[in-house]
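The next block holds one structure in the form of structure tokens; read it before the comments.
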Amino acid sequence: MSTPPNRRAVAVVLLIPVVVTLALWAFAWPAARIAPRDLPVGVAGAGPAAEQLERGFEQRAGAFDVHRFDDEAAARAAIEDRTVYGAVVAGPEGPHVLTASAASPVVAQLLRAAVTAAAPEGAQVRTTDVVAAPPGDPRGSALGASVLPLALAGMGAGAAVTLLGLRGTRAALTLTGSAALVGLAATAVAHSWLGVITGDWWTEAGVLALTVLAIGSAVAGLATLLGPRGLGLGALLMILLGNSFSGVTSAPQLLPEPVGMIGQWLPPGAGGSLLRSVAFFDGSAAGGPALTLALWSALGLAAVLLAGRRGTSTEDAPTAGAPAAREGALTG
């Protein structure tokens with residue numbers, strides 16, 4: 001039985017405020033609660049000055065995860081390896097702040113402000129950007145804005161494969177091919193034209209393609225398992241939660257718990273972290289995000305391929321029985 005028009009109208013009227021409320025919660029709540037939460041930072045040097053810097057960070061319980069380094073060189077290496085977002089070097093001329101705006105301009109600004117506020121009156125606070133954001137995107141806004149288009153591209157590919165009725169190997173090849181083309185096109189825009197990413201061109205293209213493939217195959221896989229409801233669940237995970245929980249515009253450790261952690265388990269957040277690693281840090285700390293994207297891609301493609309096999313066997317069964325049925329009809 002079809003649902004009466006009046007009930008459908010009431011359902012739409014009630015559903016829209018729920019969706020809007022959920023979207024406001026997903027986007028506005030994390031943005032309104034940005035603050036450091038176990039944010040990895042370093043303190044370099046020895047003596048009372050370094051100890052005082054460390055105590056200053058530790059006084060804000062739960063805000064910072066402090067790493068100690070012997071000297072400035074060790075702190076710089078840790079920043080380049082993405083072990084910490086920045087560090088403070090204790091020296092006779094005052095604190096020296098080492099930042100990495102390529103990792104997060106928001107964290108770099110926060111670290112500078114925190115050290116400057118805690119420094120003795122009249123002390124000179126020097127700042128060095130160890131891994132600077134590219135001139136084409138000094139605030140990281142363009143990189144942060146890239147997450148939503150990638151999520152929409154993956155969502156569109158997964159939905160198109162589902163709605164067009166593509167199955168099995170044909171669906172998997174369509175998802176892979178579209179993701180590869182999106183990766184090439186996106187890298188041409190972001191790297192070659194805008195200059196907002198500056199790593200190896202082909203590696204960046206591979207990362208962008210893998211991100212789109214993870215999203216698209218997950219959406220198509222959910223649709224094969226759950227039907228049309230899978231598309232809705234895919235949109236919820238990849239567009240609404242994946243985009244707003246990604247932490248690309250700030251940092252995962254600045255988002256409320258467990259939002260930052262959840263965001264890194266979803267393809268948009270993992271893709272953003274992996275892109276930063278290959279674009280600015282020569283692939284440092286790329287293993288975790290790459291594994292996350294590979295798992296989403298593998299599970300989604302496996303669901304699509306298995307659904308294609310089930311569909312093939314179902315379609316073949318009547319054909320195999322057709323000759324016997326015709327013989328029965330003739331003899332009857």
- Would you say the side-chain atoms of T116 pair up with the backbone N or O of A113, donor to acceptor, closer than 3.5 Å? no
- Please round to the nearest 0.5 Å and tell me the distance separating atom OG of S250 and atom CG of L255. 4.5 Å
- When you measure from the side chain of R37 to the backbone N and O of A35, does any donor-acceptor pair fall under 3.5 Å? yes
- Find out if a path of hydrophobic residues (ILVMFWY) with successive side-chain heavy-atom gaps under 4.5 Å connects L301 to L231. no
- Task: Report yes if the side chains of F245 and P268 come closer than 4.5 Å at any heavy-atom pair, otherwise no.
- Result: no
- Query: V196 and P134: which non-hydrogen atoms are nearest, and at how many Å?
  - Reply: O-CG, 3.3 Å
- Evaluation steps, salt bridge (Lys or Arg N to Asp or Glu O under 4.0 Å), between R76 and E80: CA-CA 6 Å; R76 286 175 175 267; E80 293 169 352; 5.8 Å; no
- Test side-chain contact (heavy atoms from CB on, under 4.5 Å) applied to V130 and T99, step by step: CA-CA 6 Å; V130 177; T99 62; over 6 Å; no
- Message: In the structure I gave you, are the side-chain heavy atoms of T169 and L305 within less than 4.5 Å of one another anywhere?
- Response: yes
- Can W201 and S192 be said to form a side-chain contact (heavy atoms from CB on, under 4.5 Å), step by step? CA-CA 8 Å; W201 200 97; S192 303; 2.9 Å; yes
- Item | Side chains of S284 and S277 in contact at under 4.5 Å (non-hydrogen atoms) | no
- Item | Residues T128 and H96: side-chain donor-acceptor under 3.5 angstrom | yes
- Query: Of all residues at least two apart in sequence or in a different chain, which pass the salt bridge (charged side-chain N to carboxylate O under 4.0 Å, His left out) check with R68?
  - Reply: E54
Side chains of residues 138-165: which donor-acceptor partners sit under 3.5 Å, not counting sequence neighbours?
| from | atom 1 | to | atom 2 | distance (Å) |
| --- | --- | --- | --- | --- |
| S146 | OG | L143 | O | 2.5 |
| T162 | OG1 | G158 | O | 2.9 |

- dist L266:CG -> I215:CD1 (nearest 0.5 Å) comes out at 9.5 Å
- Message: In this structure, would F69 and V43 fall into the same cluster of hydrophobic residues linked by side-chain contacts under 4.5 Å?
- Response: no
- Polar side chain donor-acceptor pair, W202 to T187, under 3.5 angstrom: no
- Task: Quick one: pull up CG in D65 and CZ in F57 and give me the separation to the nearest 0.5 Å.
- Result: 11.5 Å
- Answer yes or no: does atom CG of D70 have more than 12 heavy-atom neighbours from other residues, nucleotides or ligands under 6.0 Å? no
- Item | Donor-acceptor contact present, side-chain S178 to main-chain L175, <3.5 Å | yes
- Message: Quick check: closest heavy atoms across M238 and V219, and the distance to 0.1 Å?
- Response: CG-CG2, 4.2 Å
- Looking only at heavy atoms, which two atoms of H67 and P40 are closest? And how far apart? NE2-CB, 4.1 Å
- Can you check whether W29 reaches L24 side chain to side chain, under 4.5 Å on heavy atoms? no
- Could you tell me the separation between the CG atom of L184 and the CG atom of L208, rounded to the nearest 0.5 Å? 9.5 Å
- Decide whether L110 and L98 are clustered together by the hydrophobic rule: side chain heavy atoms of Ile, Leu, Val, Met, Phe, Trp, Tyr closer than 4.5 Å, transitively. no
- Please answer whether the main-chain N or O of A100 pairs with a side-chain N or O of S104 as donor and acceptor at a distance below 3.5 Å. no
- Closest heavy-atom pair and its distance - T127, R112: CG2-CD, 3.3 Å
- Item | Validation row: L226, L233 side chains within 4.5 angstrom (heavy atoms) | yes
- On a heavy-atom basis, the closest approach of A132 and S101 is CA-OG, 3.4 Å
- Task: Would you kindly confirm whether I239 and L213 end up in one hydrophobic cluster when ILVMFWY residues are joined by side chain heavy atoms under 4.5 Å apart?
- Result: no
- May I ask you to check whether over 12 heavy atoms, not counting those of D282, lie within 6.0 Å of atom CG? no
- Query: Could you go step by step and tell me if V278 and L274 meet the side-chain contact (heavy atoms from CB on, under 4.5 Å) rule?
  - Reply: CA-CA 6 Å; V278 303; L274 183 57; 4.3 Å; yes
- Does I197 offer a backbone N or O that forms a donor-acceptor pair with the side chain of H191 under 3.5 Å? yes
- Query: Can you tell if the side chain of L210 reaches within under 4.5 Å of the side chain of S297, non-hydrogen atoms only?
  - Reply: yes
- Compare every heavy atom of A270 with every heavy atom of Q264, then report the nearest pair and how far apart it is. O-CB, 3.7 Å
- Query: What residues form a salt bridge (charged side-chain N to carboxylate O under 4.0 Å, His left out) with R82, not counting sequence neighbours?
  - Reply: none
- For the side chain of R276 and the backbone of A102, is there at least one donor-acceptor N/O pair under 3.5 Å apart? yes
- Message: Is there a side-chain contact between L237 and L222 in this structure, where contact means two heavy atoms from C-beta onward sitting under 4.5 Å apart?
- Response: yes
- Item | I79 side, atom CD1; E72 side, atom CD - distance, nearest 0.5 Å | 9.0 Å
- When rounded to the nearest 0.5 angstrom, what distance separates CZ in F281 from OG in S273? 11.0 Å
- Item | Worked verdict on V41 versus V88 for side-chain contact (heavy atoms from CB on, under 4.5 Å) | CA-CA 8 Å; V41 297; V88 187; over 6 Å; no
- Flag if over 12 foreign heavy atoms under 6.0 Å of CD, E58: yes
- V66, V115: one ILVMFWY side-chain cluster at the under-4.5 Å cut-off? yes
